[in-house]
Amino acid sequence: MTLRTPLFAGLSLLVGAVAACSNPTETTDAPEAAAPVPTLTLYSSRHYDSDKALFAMFEEQEGVKLDVREAKAEQLIETMKAEGDQSPADVIITADAGSLWRFQEAGLTQVLESEALSAAVPEKYRSADGAWYGLARRLRGIAYDPSRWSPEDLPTWDTLAAEDKAGEICVRSSSNIYNLSLMGEIIHRYGSEAAQAWATSIVGNMARNPQGGDTDQIRAIAAGECSLAIVNHYYWVRLGASSTEADQQVAASTAFLVPEFTAGSGSHVNITGAAVASTADDPALAETFMTFLLSETGQTYLTTETKELPLLDTTALPEGVEAVPEFTASDVNLGVYGENQAEAQRLFDLAGWN
Ligand code: FE
């Protein structure tokens, strides 16, 4: 016995050494090693330094490693489809409820029933079945030349379709998700026939063929190509907050308003939001992350650079957003943007909105 004990001890040491050599990165067998750090893989269509700073805070606070992979929403959907069951994705963050709906439709999300998230996010800013939750708000409205128009000329989206706006409107293509979601709410409220008539009138009032992004439309107003543009509020706010003098001049020579659909209807609101990926293996950790994004710190960091509106009323507005006129939000659940997305594109096509 006294002879065998050291023999066995030596053997087990040797086995340990072989195991260590075969996988030099594996340290979890060592008695002094800490538990492995859980990793949360985030697929995000956003790319802001402020997001990175916020994610670093989450890593520090929760002892979690965030693996962030950024790409356009359409690319993320294609990547996740190609990866299938093997996708590392745990959480998806993307702008526009219509975009979140595309992930949901493709079966890339899973339902998360969360008391914390349901308490933080108003019902209209999350999917009815818990497939996605809003994180920040954004407004689609009208940028205009204040030497030509006043807010009284443009109280509703209908007034943009009136004959006195002929040749005045700049807007991006109809396949853009922001336009599809706006149209989705118009269809929900007034039906396809009225929605198509509206789109046809807008096409008739265009100053040029749809092209470029929202910022390009605001620049076109400043350049005198048009006097009205359909754009999201933060593009206009960012021009005003830009360090470039030319951008500041573009913002200063234009104004922005948030129309209603009809008087008292409230205004079109969209979101940046998050969903738990269908492949997430720790939905509770995903929920912890999403809840963090809806904390005061999360809300501040998500909106300071983007110039979106916080989802929480208690979080201060980012600098520059105070220039956006007060509005009342529509009560429509944002799920209708996705539900009407295909119809919206069909009606845009019929209206000749490229
Ligand atoms: Fe945008």
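Whatever order the structure lists them in is the order used to number ligands and atoms, beginning at 1.
Protein N/O/S atoms nearer than 2.8 Å to the Fe ion (ligand 1) total 3.
Within the 4.5 Å cutoff, no side-chain heavy atoms of Arg126 are placed close to those of Leu117.
Residue pairs meeting the side-chain hydrogen bond (donor to acceptor under 3.5 Å, both in side chains) criterion with at least one member in residues 277-286: none, sequence neighbours excluded. Screening residues 172-181 for side-chain hydrogen bond (donor to acceptor under 3.5 Å, both in side chains), with sequence neighbours left out, gives Asp96-Ser181, Arg140-Asn179, Arg172-Asp214, Ser173-Ser175, Ser174-Gln345, Tyr178-Tyr234, Tyr178-Tyr235. Residue pairs meeting the salt bridge (Lys or Arg N to Asp or Glu O under 4.0 Å) criterion with at least one partner in residues 177-192, sequence neighbours excluded, are Glu185-Arg189.
A donor and an acceptor atom, one from each side chain of Ser114 and Glu287, are located under 3.5 Å apart.
Salt bridge annotation for Asp67-Lys65: absent, with no cationic side-chain nitrogen under 4.0 angstrom from a carboxylate oxygen.
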